[in-house]
Engineer: 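First the structure, which I've put down as structure tokens, then a few questions once you've had a look.
Computed from heavy atoms alone, side chains included, the values below leave out hydrogens, waters and symmetry copies.
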Amino acid sequence: MLTNLYETLTKAPEPGRPLIFAFHGTGGDERQLFQLATQLAPGSGVVSPRGDVFERGAARFFKRTAEGVYDMEDLSRATAKMADFISAHRAVYPDSPAYGFGYSNGANILAAVFLKQPYLFDRVGLLHPLVTWEMPQDLDLSGRKVVLTAGRNDPITPWPKSAHLIEDLQRAGADVETDVHDGGHELRDSELAALVRGFAD
């Protein structure tokens with residue numbers, strides 16, 4: 001079954017409540033963001049997969065050749081696989097809106113799926129994403145809510161890349177809320193607060 005494409009922790013949503021997909025960062029697993037996901041929206045369900053690629057023992061969702069340099073062929077594979085996985089879980093709860101959030105590598109696979117098939121999500125949270133590819137010029141993200149967080153001194157996700165992504169998302173019509181701090185790649189309380197606001201009814 002396509003719902004079993006990844007090792008996954010799940011929690012069923014209450015009727016009509018959101019189904020939240022949670023995507024961990026490099027070296028995390030299906031448990032890393034599960035508890036946080038359960039707290040983002042009352043009564044929500046959770047789908048939290050573990051990445052199927054390992055880099056020196058650290059789980060990821062797709063391969064890279066160096067820091068910030070992606071294996072684009074493997075990213076394409078991973079994007080298609082994850083889209084199938086998400087679609088299958090959505091089909092189980094057709095009356096639940098779908099939200100997704102991810103941190104670092106998890107934000108990157110979420111961004112790849114969202115920018116390819118935006119109809120799979122109603123709202124997304126991208127925590128320190130690094131999108132190195134160009135978005136389609138005709139991409140229409142009207143009606144989609146995006147929370148994007150970043151650190152101006154992030155050594156892994158350079159701020160100019162984040163700023164460029166914010167501009168591209170806004171140009172495509174997304175409703176973008178940002179939380180930008182002067183720190184690095186760490187998650188701060190203000191970012192989580194922005195995510196809670198973005199996922200609130």
Engineer: What orientation do His128 and His181 show, parallel under 30°, tilted 30 to 60°, or perpendicular over 60°?
Structural biologist: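 His128 vs His181 ring planes: tilted.
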Engineer: Could Asp84 and Lys81 be called an ion pair, given the rule that one side-chain N must be under 4.0 Å from one carboxylate O?
Structural biologist: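 Answer for the salt bridge query: no.
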Engineer: Taking the six-membered ring for Trp, are the ring centroids of Tyr70 and Phe62 within less than 6.0 Å of each other?
Structural biologist: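 Tyr70 vs Phe62: aromatic centres under 6.0 Å.
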Engineer: Could you check if a side-chain atom of Tyr99 sits within less than 4.5 angstrom of a side-chain atom of Asp122, using non-hydrogen atoms only?
Structural biologist: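 The answer is yes; the side chains approach within 4.5 Å.
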Engineer: Do Ile86 and Val113 have side-chain heavy atoms sitting under 4.5 Å apart?
Structural biologist: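 Ile86 vs Val113: side chains touch.
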Engineer: Identify the two heavy atoms, one from Ser48 and one from Glu30, that lie closest to each other, and give their separation to 0.1 Å.
Structural biologist: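 Smallest interatomic distance, heavy atoms only, reads OG-O, 2.8 Å.
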Engineer: Can you tell if the side chain of Phe101 reaches within under 4.5 Å of the side chain of Leu127, non-hydrogen atoms only?
Structural biologist: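 Yes, at least one pair of side-chain atoms sits under 4.5 Å.
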Engineer: How about CD on Glu186, more than 12 heavy atoms from neighbouring residues, nucleotides or ligands closer than 6.0 Å, or not?
Structural biologist: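 For Glu186, atom CD is crowded (more than 12 foreign heavy atoms under 6.0 Å).
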Engineer: How many angstroms lie between atom CG of Asp182 and atom CH2 of Trp159, to the nearest 0.5 angstrom?
Structural biologist: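 Between atom CG of Asp182 and atom CH2 of Trp159 there are 10.0 Å.
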Engineer: Angle between ring planes, His185 versus Tyr103, binned at 30° and 60°: parallel, tilted or perpendicular?
Structural biologist: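 Plane angle between 30° and 60°, so tilted.
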Engineer: Would you say Val180 and Arg152 make side-chain contact, with heavy atoms under 4.5 Å?
Structural biologist: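 With C-beta onward as the side chain, the pair touches.
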Engineer: Evaluate whether atom CG of Asp189 has more than 12 neighbouring non-hydrogen atoms of other residues, nucleotides or ligands under 6.0 angstrom away.
Structural biologist: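 12 or below, so no.
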Engineer: Can Lys63 and Glu55 be counted as an ion pair, charged N to O under 4.0 angstrom?
Structural biologist: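 Looking at Glu55 together with Lys63, the answer is no, because their closest N to O distance does not fall below 4.0 Å.
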Engineer: What heavy-atom pair brings Ser96 and Pro13 nearest, and what distance separates the two atoms?
Structural biologist: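 Where Ser96 meets Pro13 most closely, the heavy atoms are OG-CG, 3.7 Å.
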Engineer: Quick one: does Leu141's side chain get under 4.5 Å of Leu169's, heavy atoms only?
Structural biologist: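 Of all side-chain heavy-atom pairs linking Leu169 with Leu141, at least one is under 4.5 Å.
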Engineer: To the closest 0.5 Å, what do you measure between OG1 (Thr178) and CG (Leu126)?
Structural biologist: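 Here the rounded value is 12.0 Å.
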Engineer: Roughly how far, to the nearest 0.5 Å, is CD of Glu73 from CZ of Arg77?
Structural biologist: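 Arg77 atom CZ to Glu73 atom CD measures 10.0 Å (nearest 0.5 Å).
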Engineer: Can you tell if the side chain of Phe199 reaches within under 4.5 Å of the side chain of Arg123, non-hydrogen atoms only?
Structural biologist: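 Answer yes - side chains close enough.
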Engineer: Report yes or no: do Asp71 and Thr65 form a side-chain donor-acceptor pair below 3.5 Å?
Structural biologist: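 Side-chain D/A pair, Asp71 to Thr65: absent.
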Engineer: Kindly give the heavy-atom pair with the smallest separation between Pro158 and Leu130, and that separation in Å.
Structural biologist: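 For Pro158 and Leu130, the tightest heavy-atom pair comes out as CD-CD1, 4.0 Å.
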Engineer: Is there a side-chain contact between Phe21 and Arg90 (heavy atoms, below 4.5 Å)?
Structural biologist: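 Yes, their side chains come closer than 4.5 Å.
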Engineer: When you measure from the side chain of Arg17 to the backbone N and O of Pro42, does any donor-acceptor pair fall under 3.5 Å?
Structural biologist: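 Side chain of Arg17 to backbone of Pro42: a pair is present.
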Engineer: Taking CD in Glu67 as the centre, count heavy atoms belonging to other residues, nucleotides or ligands within less than 6.0 Å. Is the count above 12?
Structural biologist: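 Enclosed.
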Engineer: Taking a hydrophobic cluster as the set of Ile, Leu, Val, Met, Phe, Trp and Tyr residues connected by side-chain heavy atoms closer than 4.5 Å, whether directly or through intermediates, do Leu195 and Ile20 fall within one such cluster?
Structural biologist: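 Looking at the clustering, Ile20 is in the same group as Leu195.
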Engineer: Taking the side chain as everything from C-beta on, heavy atoms only, tell me whether Ser162 gets closer than 4.5 Å to Thr157.
Structural biologist: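 Yes, side chains in contact.
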Engineer: Less than 6.0 Å separating the ring centroids of His89 and Phe85?
Structural biologist: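 Yes; Phe85 has its ring centre under 6.0 Å from that of His89.
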Engineer: Specify the closest pair of heavy atoms between Met72 and Trp133, including all atoms of both residues, with the distance to one decimal.
Structural biologist: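 So the two residues come closest at CE-CB, 4.2 Å.
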Engineer: Against Thr26, only a single residue in Ile156, Asn105, Val53, Asn108 fulfils side chain to side chain contact (heavy atoms under 4.5 Å, CB included); can you say which?
Structural biologist: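 So the option named by the test is Asn105.
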Engineer: Does Asp52 come within less than 4.0 Å of Arg60, counting only side-chain N to carboxylate O?
Structural biologist: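 A salt bridge is absent here (no side-chain N lies under 4.0 Å from a carboxylate O).
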